[in-house]
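Read the structure below first, then the notes.
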Amino acid sequence: MFYVVFKQLLIMALIVLGGFTFAKAFKVDDKEQKFLSKLLIYFINPFLILNALNIDFELTKFIQLSLVFALSLVVHLIMIGLALLFSRTKNSEEKDCCNLDALAMMFSNCGFVGIPLIRGVFGDEGVFYLLGFLVAFNVIMWTYGYAKLSGRVNVKKIATNPNMIAVIIGLIVFFVPFPLPEVLSKAIGMIGELNSAIAMILIGVLFAGFTFDVKYIKHIVKVCFVRLILVGFVVTVLILCIYKVLLPIINPVDYQLLKMILFVVLICASCPSATSVPSLACLFNKDGEYSSMLVCITSLLCMITVPAVVAFAELLFKYLA
């Protein structure tokens, strides 16, 4: 699995390089970056979710998806705890910066990076299970994450988020006893297929506008350590414990499926900082450039850390599971 993850990240890196070259050559500005980001978040991603849920209903699959959602909530609570522990400050001047650090530690890029990565490693079945993580991410991002910067919870933001709407519609499609018309299914599938390439191109465009400021180096090192290393280590131990608990009570034919589900959660949790963090920073007039810098640096370093986390998890599963 380490080799498959590394190979997929290498493919994604080549597309990022293409997006970077394009952005440099044609001087892509902030307005065009925001358009590409909105296109991906609010149009392409929802169709990818719909496509993943456009399958025949099986009670076992629904139970498995619910398991992923519950596990993802626990993982997010762990990430919130680690973020609060490592982003504390007594300096009032650093409070805004530390709040952005906390968000960058808490929330992974399970959409832009996670979806194409999981798809490359596990296929559409992996994307189906990833939806449980994505739902937990959106709920916590637009409740706790939003409140972290604004001081209040915005229920409307959760209810009207296109990805959440897509999950609800997708679950209806999943539960109904008949498939969508072929023409509609193909249209949904074609739009969803755009996700991987567009997400990587967007990261390349973000890299093109990247500027490094040495005054933030202490914060950046701390965020990278928690987001890319510590979270991966803690979640690896968690999924190993869950695997050992569930192993005696499940059918032996489901061992590999359980392992795949747990590794989907691990890879999602180990992804770089979420691109939603700069979006929230801009929304509340915080330091958008700094939060974008965190996304860029963690996205670059995840080429090394994600395969390393997967390799570490595989070793633990091999010798301890």
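- Taking the six-membered ring where tryptophan is involved, the planes of F57 and F175 are tilted, since the angle between them lies from 30° to 60°.
- By the 4.0 Å N-to-carboxylate-O rule, K318 lies too far from E314 to be salt-bridged with it.
- In this structure, CG in L36 is found 5.0 Å from CG in L202, a value given to the nearest 0.5 Å.
- S87 and D101 make their closest contact through CB-CB, 4.5 Å (heavy atoms, listed as atom of the first residue, atom of the second, distance).
- For V223 against A104, the heavy-atom pair with the smallest separation is CG1-CB, 3.9 Å.
- In this structure, K7 contributes its side chain and G120 its backbone to no donor-acceptor pair below 3.5 Å.
- By the 4.5 Å heavy-atom criterion applied to side chains, D124 and I55 are not counted as neighbours.
- Across every non-hydrogen atom of V5 and V306, the tightest pair is CG1-CG1, 3.9 Å.
- Applying the under-4.5 Å side-chain rule to Ile, Leu, Val, Met, Phe, Trp and Tyr, the cluster around I172 extends to I168, V176, F178.
- Screening residues 294-310 for side-chain hydrogen bond (donor to acceptor under 3.5 Å, both in side chains), with sequence neighbours left out, gives no hits.
- Between V173 and L53 the shortest side-chain heavy-atom distance does not fall below 4.5 Å.
- Using a 4.5 Å cut-off on side-chain heavy atoms (C-beta onward), K31 and F35 make no contact.
- Between N45 and I115, the closest side-chain pair of non-hydrogen atoms falls below 4.5 Å.
- To the nearest 0.5 Å, atom CD1 of residue I15 and atom CG of residue L10 are 10.5 Å apart.
- Note that the CE atom of M293 and the CD1 atom of I220 stand 4.0 Å from one another [nearest 0.5 Å].
- Taking 4.5 Å as the limit, some side-chain heavy atom of F207 sits within range of a side-chain heavy atom of L300.
- Contact detail for V113 and M12: the closest heavy-atom pair is O-CE, 3.7 Å.
- Considering every non-hydrogen atom in both K222 and F86, the closest pair reads CD-O, 2.7 Å.
- Checked options L262, L240, V75; the residue passing with V235 is V75 (criterion: side chain to side chain contact (heavy atoms under 4.5 Å, CB included)).
- Although no hydrogens or angles enter the test, the distance criterion places no donor-acceptor pair under 3.5 Å between the side chain of R88 and the main chain of A83.
- The distance between the ring centers of F263 and F122 does not fall below 6.0 angstrom.
- Residues M106 and V277 form no side-chain contact, since every pair of their non-hydrogen atoms from C-beta on lies 4.5 Å or further apart.
- The residues K27 and E32 are annotated as not salt-bridged, no charged nitrogen and carboxylate oxygen being separated by less than 4.0 angstrom.
- The backbone N or O of C268 sits less than 3.5 Å from a side-chain atom of S108, completing a donor-acceptor pair.
- We find the CD1-CD1 distance between I140 and I80 to be 5.0 Å, quoted to the nearest 0.5 Å.
- Side-chain N or O atoms of N138 include one that pairs as donor or acceptor with a backbone N or O of L134 at under 3.5 Å.
- For F6, the CZ atom counts as loosely surrounded, since its 6.0 Å shell holds 12 or fewer non-hydrogen atoms of other residues, nucleotides or ligands.
- The minimum heavy-atom distance between D56 and F174, with the atom names listed, is O-CE1, 3.5 Å.
- L130 has its side chain out of reach of R119: every pair of non-hydrogen atoms, C-beta onward, lies at least 4.5 Å apart.
- In this structure, Y290 and H219 have perpendicular ring planes: the angle between them is above 60°, well past the 30° mark.
- Between F133 and F137, the ring centre distance reaches or exceeds 6.0 Å.
- Comment: K186 does not engage E193 in a salt bridge, judged by the lack of any side-chain N to carboxylate O separation of less than 4.0 angstrom.
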